[in-house]
Amino acid sequence: MSFENPTREQIGDILASAGNIAVVGLSDKSDRTSYMVAYAMQSRGYRIIPVNPTVDGEILGEKCYHTLAEIPEPVDIVNVFRRSEYCAEVAQEAADIGAHVLWLQQGIISKEAADIAAEHGMTAIMDRCIKVEEAITMHGPSRQ
């Protein structure tokens with residue numbers, strides 16, 4: 001059976017109920033796509049939790065963790081800015097922390113990651129930009 005992303009309505013529901021979004025591969029450089037997308041989501045009222053093994057300190061004013069396992073609070077969405085070949089490992093880490101959604105950014109597709117997500121009861125979204133989907137599905141004022 002081939003993979004299908006949730007419908008726009010389902011994606012809207014996911015975003016409406018999300019609080020904490022762990023961003024795996026979030027860069028501390030403001031000119032990188034991951035930073036711009038995370039900044040936009042943060043400005044819309046989502047709590048961004050940076051995950052990057054090469055960054056110590058903070059990104060976007062939030063403590064940066066080296067792994068998903070280090071995050072001491074629940075995570076609703078794991079938003080992934082990593083190449084496809086690393087996504088299965090991230091999917092397993094997301095499952096291990098009890099995340100609800102594995103979201104692979106635009107241009108990232110991993111059937112193996114989607115299979116791992118499904119096996120652990122997570123919703124998988126692939127090849128979609130969370131910022132674009134949020135703008136389309138969450139019409140109206142910010143969540144703040």
Side-chain angles (χ1 to χ4, degrees), residues 3-28 30 32-144:
F3 175 83
E4 282 190 37
N5 279 316
T7 65
R8 277 266 157 79
E9 183 178 343
Q10 291 168 323
I11 288 173
D13 291 343
I14 288 166
L15 291 167
S17 65
N20 292 341
I21 301 174
V23 182
V24 176
L26 178 54
S27 176
D28 58 351
S30 62
R32 297 286 175 91
T33 302
S34 63
Y35 186 98
M36 290 183 270
V37 168
Y39 176 81
M41 295 302 288
Q42 187 181 58
S43 71
R44 294 288 294 168
Y46 295 91
R47 166 87 189 291
I48 298 300
I49 303 172
V51 180
N52 187 322
T54 66
V55 176
D56 295 315
E58 294 185 350
I59 302 175
L60 295 170
E62 294 282 350
K63 176 177 172 40
C64 185
Y65 296 93
H66 293 154
T67 67
L68 287 170
E70 293 176 12
I71 299 172
E73 57 198 286
V75 172
D76 299 307
I77 298 174
V78 174
N79 185 214
V80 184
F81 283 89
R82 300 284 322 267
R83 292 196 319 252
S84 297
E85 61 262 29
Y86 300 111
C87 290
E89 180 181 338
V90 175
Q92 187 59 57
E93 291 174 15
D96 291 346
I97 66 164
H100 303 278
V101 177
L102 178 71
W103 192 308
L104 307 186
Q105 272 298 127
Q106 190 168 1
I108 305 171
I109 298 170
S110 170
K111 182 176 180 334
E112 187 180 359
D115 289 346
I116 291 168
E119 288 168 16
H120 291 89
M122 288 187 292
T123 299
I125 300 170
M126 296 193 293
D127 194 24
R128 295 284 186 273
C129 177
I130 195 169
K131 176 181 171 259
V132 171
E133 294 299 322
E134 198 274 341
I136 290 169
T137 61
M138 303 298 293
H139 305 287
S142 69
R143 299 163 33 88
Q144 296 176 346

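One-based numbering along the sequence shown. No hydrogens, no waters, no symmetry mates; every other heavy atom, side chains included, goes into these values.
When all heavy atoms of Val80 and Cys87 are compared, the pair lying nearest together is CG1-SG, 4.0 Å. The two residues Ser110 and Ala88 have their closest heavy-atom pair at OG-N, 4.3 Å. Between Ile125 and Pro6, the shortest heavy-atom distance links the atoms CG1-CD, 3.7 Å. Shown here for Gly107 and Asp127, the closest heavy-atom pair between the two residues is N-OD1, 2.5 Å. The two residues Ala38 and Leu26 make their nearest non-hydrogen contact at CB-CD1, 3.6 Å.
Expressed to the nearest 0.5 Å, how far CD of Glu70 lies from NZ of Lys63 amounts to 7.0 Å. Taking CG of Asp115 as the reference point, atom NE2 of His120 lies at 11.5 Å (rounded to 0.5 Å). In this structure, CZ in Arg128 is found 11.5 Å from CD in Gln105, a value given to the nearest 0.5 Å. Rounded to the nearest 0.5 angstrom, Lys131 NZ and Tyr39 OH are separated by 11.5 Å. Annotation: the span from Asn5 atom CG to Gln10 atom CD amounts to 10.0 Å, rounded to 0.5 Å. Within the model, atoms CZ of Arg44 and CD1 of Ile21 stand 12.0 Å from one another, a figure rounded to the nearest 0.5 Å.
Put simply, the residue from Val75, Val90, Ile71, Val23 that forms a side chain to side chain contact (heavy atoms under 4.5 Å, CB included) with Val51 is Ile71. Remark: of the listed residues Ile49, Asn20, Ile14, Ile14 is the sole one forming a side chain to side chain contact (heavy atoms under 4.5 Å, CB included) with Ile77. Each of Thr123, Val78, Ile130 was evaluated against Val101; a single residue qualifies, Thr123, per the side chain to side chain contact (heavy atoms under 4.5 Å, CB included) test.
Contact annotation: the side chain of Leu68 approaches that of Val24 to within less than 4.5 Å [non-hydrogen atoms, C-beta and beyond]. At least one side-chain heavy atom of Cys129 sits less than 4.5 Å from a side-chain heavy atom of Val37. A 4.5 Å side-chain heavy-atom check between Asn52 and Asp28 finds every atom pair outside the cut-off. By the 4.5 Å heavy-atom criterion applied to side chains, Tyr86 and Ile108 are not counted as neighbours. Inter-residue side-chain proximity for Glu133 and Trp103 is flagged as met; some heavy-atom pair is nearer than 4.5 Å. The shortest side-chain heavy-atom distance between Met126 and Lys111 does not fall under the 4.5 Å cut-off.
Judged purely by atom type and a 3.5 angstrom limit, Ser27 has no side-chain atom pairing as donor or acceptor with the backbone of Ser34. Listed for the Ser84 side chain is a donor-acceptor partner under 3.5 Å among the backbone atoms of Ile109.
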Below 3.5 Å, can you tabulate the donor-acceptor pairs from side chains in residues 55-62 to any protein atom, sequence neighbours excluded?
{"residue": "Asp56", "atom": "OD1", "partner": "His66", "partner atom": "NE2", "Å": "2.7"}
{"residue": "Glu62", "atom": "OE1", "partner": "Arg47", "partner atom": "NE", "Å": "3.0"}
{"residue": "Glu62", "atom": "OE1", "partner": "Arg47", "partner atom": "NH2", "Å": "3.1"}
{"residue": "Glu62", "atom": "OE2", "partner": "Arg47", "partner atom": "NE", "Å": "3.1"}

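No more than 12 heavy-atom neighbours from other residues, nucleotides or ligands sit within 6.0 angstrom of CD on Glu4. Within a 6.0 Å radius of CD in Glu112, other residues, nucleotides and ligands contribute 12 heavy atoms or fewer. For Tyr65, the OH atom counts as densely surrounded, since its 6.0 Å shell holds more than 12 non-hydrogen atoms of other residues, nucleotides or ligands.
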Self-check item: Derivation and outcome, side-chain contact (heavy atoms from CB on, under 4.5 Å), residues Tyr46 and Asp76
Solution: CA-CA 11 Å; Tyr46 295 91; Asp76 299 307; over 6 Å; no
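Screening residues 81-94 for salt bridge (charged side-chain N to carboxylate O under 4.0 Å, His left out), with sequence neighbours left out, gives Arg83-Glu85.
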